Amino acid sequence: MDANYDPQQIEAKWQRRWAELKLFDADADPARRKYYVLEMLPYPSGALHMGHVRNYTLGDALARYMWMKGFNVIHPMGWDAFGLPAENAAIKHGQPPRDWTFSNIEVMRGQLKRLGFTYDWRREIATCTPEYYRWNQWLFLKMYERGLAYRKKSRVNWCPQCETVLANEQVVNGCCWRHEETPVIEKELEQWFLKITEYADRLLEDMKHLVRWPERVLTMQRNWIGKSAGALVQFPVEGCDEPLRVFTTRVDTIFGCTAVFVAPDHPIVEKLIARSKSPHTLRADADRIKASSARARAEVNLEKAGANTGFMARNPFSHELVPVWLANFVVTEYGTGAVMAVPAHDQRDFEFCTTYALPIKTVIVPESKKLKEPEAFVEYGWLVDSGKYSGLGSEDAIQKMTRDAEAQGVGQGTIQYRIKDWGISRQRYWGTPIPMLYCDRCGLVPVPEEDLPVVLPPAVKLTGQGRSPLETVPEFVDASCPRCGGHARRETDTMDTFVDSSWYFYRYTDPQNATAPFSQDAVRYWFPVDQYIGGIEHAILHLIYMRFFTKVMQDIGLVDFSEPVARLFTQGMVLKDGSAMSKSKGNVVDPTEMCEKYGADTVRLYMMFAAPPEKDLDWSDAGIEGAWRFLNRAYRLVAKHQVTLEVLKVGSSGPAPTPQSLNGEERQLLRKAHQVLRHVTEDMEFRWHYNTDIAMCMELANALAESEGAFAAGKICEQVFRAAVELLVISLSPFAPHLADELWEALGHSEPILRVPWPAYDPGLAAEEELELPVQINGKTRAHVRVAVGASEEEIRQLALADEKVMRHLNGKKVVKIIVVPQKLVNIVLGD
RNA sequence: GCGAAGGUGGCGGAACUGGCAGACGCGCCAGACUUAGGAUCUGGUCCCGCAAGGGGUGGGGGUUCGAAUCCCCCCUUUCGCACCA
């Protein structure tokens, strides 16, 4: 064993050996308990960043622990390999997206291997291969068969930078999620959609199974789905044959309705213009307000603005006539695009009506009858001035009035969702071709399953301009109709890459399957994912699509469960100087560089030590130095005593030590070792505050260093010293696996540490026998007394009162009360 | 505006069920070894104070023998949603 720690040499050696031993290959084995550790797969952008390293190190520590606990651990990795950057690189450098992507994968796979993760590389997938994306197409066809994939002309979010459509989830503050400065514009296009709305209720309902998901993620999903129960109510419009339908959750306030507001691009507006006495003014108003509401998407808190249409609508409950106004804050896409204005009980209506001097009529009063001005009273209360409903509570009134509206044919109870169907069409090249054909005679025809995959043509001129690049490839576009044999045109849109990542973790269980997306047996054995780890940024996009896909797969009969992930963990970000690492800020720390300087173990250890995993971690160059020093200390500790310790062959250490057979110094050292093991074990199971586990390992290393004198003097026997060293190596192994294996071998073991069963700590050895109890006077610690663990309350009381420092504080004061909490403390309460 | 999570030394953080605030690491100070040290080792390091002692977990109040931890009010940071009727 070298005197100096050389991580480059050690890590290369162990990575080679692990590979030779196929240590991380996991095969389905019904006789063994399985554990599925999954981390979010990276986009092959060119290089791994520290966020990946943190994510994957977290998973790796868990995977290693689970292996040692005896589980059959599946821990796969792959590449989310379709996407826009590949095309942009192609345009910029003339390198085909495929080449760019695969050369990035090469680099990044190398980086992952350098870090020594426990991946079963036989299961690696890349979503851009036909072998993978044919199953995207297959799943799409299954959805099409069930009416879950459909085409419609719709107003879409279009990013002028990407030159493609964005899903609602990809619009952030009215701008593209990739180009945060670029406002999204609206276009009318024929698009493919997946009917996620049909699953909205199940996505909500099944959250009750996700007890081990962060509440934060569930809340975000709940808000995103945005279920709200209410009523649709019809307001006939005078001088127009079409009534206005409004959606409201507060039909109990309808007697306070003093206007009806419609979105400026509501379909009825054209009809009103046609029938208006001053059509030009009305059109100008509509255009102006439309412009202002479009701006509202990008801006925050735009002022309320509107215009009177001159038309009147009749309240079906009160039969009053109220004016119809255009309003910039009414959202076309939600509900019916029209609302009843109840300024007394809705803050937005209140603001609008105040601005335009529209009447405000109170119809709900709170219990206390006190109304705050000048705000709307938006809570539930009691109805007044509401005809026969006066006197009812809001909740009763909503039910009764909804029923009455239904009976009279002027409305109905309904449920609205904020979530919309998932638009998956992208006018881009580097994605999964949507397997549909447009036959000149038969119309829309799906590609037959046996013709899958529809393969992306390799040579395509990419310009980044205009329409889908696939349209420019005649060999791709021209096809024959599978029904009539006549000429057909291929769909040239490709799928949103979130389709790829919605089911990739199933494919890992059976990555080579050429006849199905996966074998049901494999999934039955490996699923659910026991632990999924990734960034919080995917809380609503990926993590909701993935749940949706599983439910569809359940309905198709591919799987027999409704939720794929039992436990989710969202880790914090890796920052540098308080902000996210980015090329533009020039604050990127490169994992490979760090591995070259310190080795993978140091990088991993530091990542785990610097902060608890759910919190953001600010990278510190000084901090990683500390991790490096610790590993050096651990190495030297073993190197120094290796010759002595190795002589003691494994298993030759005689009977297991018991507290009785040990002297005081031996007990103290072993106690520390077992306390550390206890802490790490318990933390691995529940809490994952790896930073505290590593701190405990450091304490044990410090204790060992302090014991060296006693060891050299023969006061600590070799068996005990060795046992403590071994427990340190084992406890450290999930975090610094290469070093752990090197030290384990140096101690005379031939098995890699991953094959060593995780030891159970000995509660007897871990238990303290004597405690130093704090003695408080009026809640302030003033002294300490040493007591045996089993000391009685009375003994402790006497010891405390006899303490010199305590007596000094007691001087002349009256003892009111003495609280003795065995094993914890003594608190003496003094009077004045 | 609404919702969620935070605020502890010079810094990252620890304190798991109300029971010694500051584990562990970084940094800093002193010393040892050294031609040298950005290596290593030893000791010190919450604040005020020579000390005795006193103060201390964003601020204020409360419950309790005892509060970083529980309750109320306020300030503040980060994240998510943002006219969703």
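Because the structure is predicted, anything quoted here is derived from the model rather than measured. Lettering of chains follows the sequences in order, A, B, ..., and the numbering in each one begins at 1.
The residue A:Val829 sits close only to the backbone: its heavy atoms come under 4.0 Å of sugar-phosphate atoms, none of a base. Residue-level contact check: A:Glu772 touches the bases, meaning some heavy atom is under 4.0 Å from a base atom. Among the protein residues, A:Gly226 comes within range of no part of the nucleic acid, since none of its heavy atoms lies under 4.0 Å from any strand. At a threshold of 4.0 angstrom between heavy atoms, the contacts of A:Asn827 include nucleobase atoms, whether or not backbone atoms are also involved.
Taking side-chain N and O atoms only, A:Asn702 has a distance below 4.0 Å to OP1 or OP2 of B:rG25. When the side-chain nitrogen and oxygen atoms of A:Asn223 are compared with OP1 and OP2 of B:rG80, none of them lie within a distance under 4.0 Å. In this model, the phosphate group of B:rC41 is approached by a side-chain N or O of A:Arg636 to a distance below 4.0 Å at OP1 or OP2. Contact annotation: A:Arg222 does not reach the phosphate of B:rG80 (side-chain N/O to OP1 or OP2, under 4.0 Å). Within the 4.0 Å cut-off from OP1 or OP2 of B:rA21, at least one side-chain nitrogen or oxygen of A:Thr781 is found. Residue A:Ser228 places at least one side-chain N or O under 4.0 Å from the OP1 or OP2 atom of B:rA85. The phosphate of B:rG27 (OP1 or OP2) has a side-chain N or O of A:Arg629 nearer than 4.0 angstrom.
Of the candidates B:rG25, B:rA85, B:rG54, B:rG54 carries the atom nearest the A:Arg782 side chain, counting heavy atoms from C-beta on. Relative to the side chain of A:Met698, the nucleotides B:rG25, B:rA14, B:rG66 differ in distance, and B:rG25 lies closest. You'll find that the side chain of A:Arg633 is closest to B:rC41, out of B:rC41, B:rG19, B:rA82. Among the nucleotides B:rC79, B:rC83, B:rG13, the one closest to the side chain of A:Lys615 is B:rG13. The side chain of A:Arg348 has B:rC84 as its nearest neighbour among B:rC24, B:rC84, B:rC16. Closest approach to the A:Tyr334 side chain among B:rG27, B:rG13, B:rA85 is made by B:rA85 (side chain taken as heavy atoms from C-beta onward). When each of B:rC65, B:rC84, B:rC20 is scored by its nearest atom to the side-chain atoms of A:Ile819, the top-ranked nucleotide is B:rC65. Taking the side chain of A:Arg687 as heavy atoms from C-beta on, and the options B:rC16, B:rC83, B:rC24, the nearest nucleotide is B:rC16. The listed nucleotides are B:rA4, B:rA23, B:rG19; the one nearest the side chain of A:Gln776 is B:rG19.
B:rG6 sits 30 Å from B:rG27 when the P atoms are compared, rounded to a whole Å. Between the P atoms of B:rA23 and B:rG10, the separation comes to 14 Å (whole Å). The same atom, C1', is picked in B:rG18 and in B:rC65; the two are 12 Å apart, to the nearest Å. The same atom, P, is picked in B:rA30 and in B:rC74; the two are 49 Å apart, to the nearest Å. Separating the C1' atom of B:rU77 from that of B:rC29 is a span of 33 Å, rounded to the nearest Å. When the C1' atom is compared between B:rA21 and B:rA14, the two are found 10 Å apart, to the nearest whole Å. Rounded to whole Å, the C1' atom of B:rA68 lies 5 Å from the corresponding atom of B:rU57. Of the P atoms belonging to B:rG3 and B:rG49, the separation is 46 Å, rounded to the nearest Å.
Nucleotide B:rG3 has B:rC79 as its partner under the Watson-Crick or G-U criteria, with both atom distances under 3.5 Å. Both distances falling under 3.5 Å, in either a Watson-Crick or a G-U wobble arrangement, place B:rG43 opposite B:rC29. B:rA23 is unpaired under the criterion used here, namely a Watson-Crick or G-U wobble arrangement in which both key atom distances are under 3.5 Å. Across all strands shown, B:rU64 remains unpaired; no Watson-Crick or G-U wobble contact has both distances below 3.5 Å. Across every strand in view, B:rG37 sits unpaired, with no contact that passes the Watson-Crick or G-U test at under 3.5 angstrom. Base pairing of B:rC50 is not made with any nucleotide, judged by Watson-Crick or G-U wobble geometry with both donor-acceptor distances under 3.5 Å.
Two rings, from A:Trp619 and A:Tyr606, have their centers less than 6.0 Å apart.
Rounded to whole Å, the distance from CZ on A:Phe235 to P on B:rA85 is 17 Å. Rounded to an integer number of Å, the gap from A:Ile777 CD1 to B:rC20 C1' is 13 Å. Regarding A:Phe569, its CZ atom lies at a distance of 14 Å from the C1' atom of B:rA5, rounded to whole Å. Residue A:Asp616 contributes atom CG, which lies 12 Å from atom C1' of B:rU77 at whole-angstrom precision. In this structure, the CE atom of A:Met573 is 17 Å from the P atom of B:rU77, given to the nearest Å. At whole-Å resolution of the value, OH in A:Tyr690 and C1' in B:rC16 are 16 Å apart. Between A:Ile225 atom CD1 and B:rC84 atom P the separation is 18 Å, expressed in whole Å.
Atom CE in A:Met340 sits 8.0 Å away from atom CG in A:Asn315 (nearest 0.5 Å). A distance of 9.5 Å separates CG in A:Leu732 from CG in A:Leu700, rounded to the nearest 0.5 Å.
At a cut-off of 3.5 angstrom, the base of B:rC20 holds at least one donor-acceptor pair with the side chain of A:His784. Counting distance only, with no hydrogens placed and no angle test, the side-chain atoms of A:Lys824 and the base atoms of B:rC20 include no donor-acceptor pair under 3.5 Å.
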TODO: Could you give me the CA-CA distance, side-chain angles and deciding distance for A:Gln798 and A:Glu794, then say whether side chain to side chain donor-acceptor pair (under 3.5 Å) is met?
DONE: CA-CA 6 Å; A:Gln798 294 310 326; A:Glu794 187 52 34; 2.5 Å; yes
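For the pair A:Ser620 and A:Ala338, nearest-nucleotide mapping onto RNA chain B gives the more 5' position to A:Ser620.
When atom types are taken as modelled, the side chain of A:Tyr5 and the backbone of A:Ala634 share no donor-acceptor pair closer than 3.5 angstrom. With hydrogens and angles disregarded, a donor-acceptor distance shorter than 3.5 Å links the side chain of A:Asn328 to the backbone of A:Glu303. Between the side chain of A:Gln221 and the backbone N or O of A:Ala539 there is at least one donor-acceptor pair closer than 3.5 Å.
Enclosure of atom CZ in A:Arg245 is not indicated, since only 12 or fewer non-hydrogen atoms of other residues, nucleotides or ligands lie within 6.0 angstrom.
B:rG9: glycosidic angle within 90° of 0, hence syn.
A:Phe329 carries A:Lys304 over the face of its six-membered ring, with the cationic atom under 6.0 Å from the centre and within 45° of the normal.
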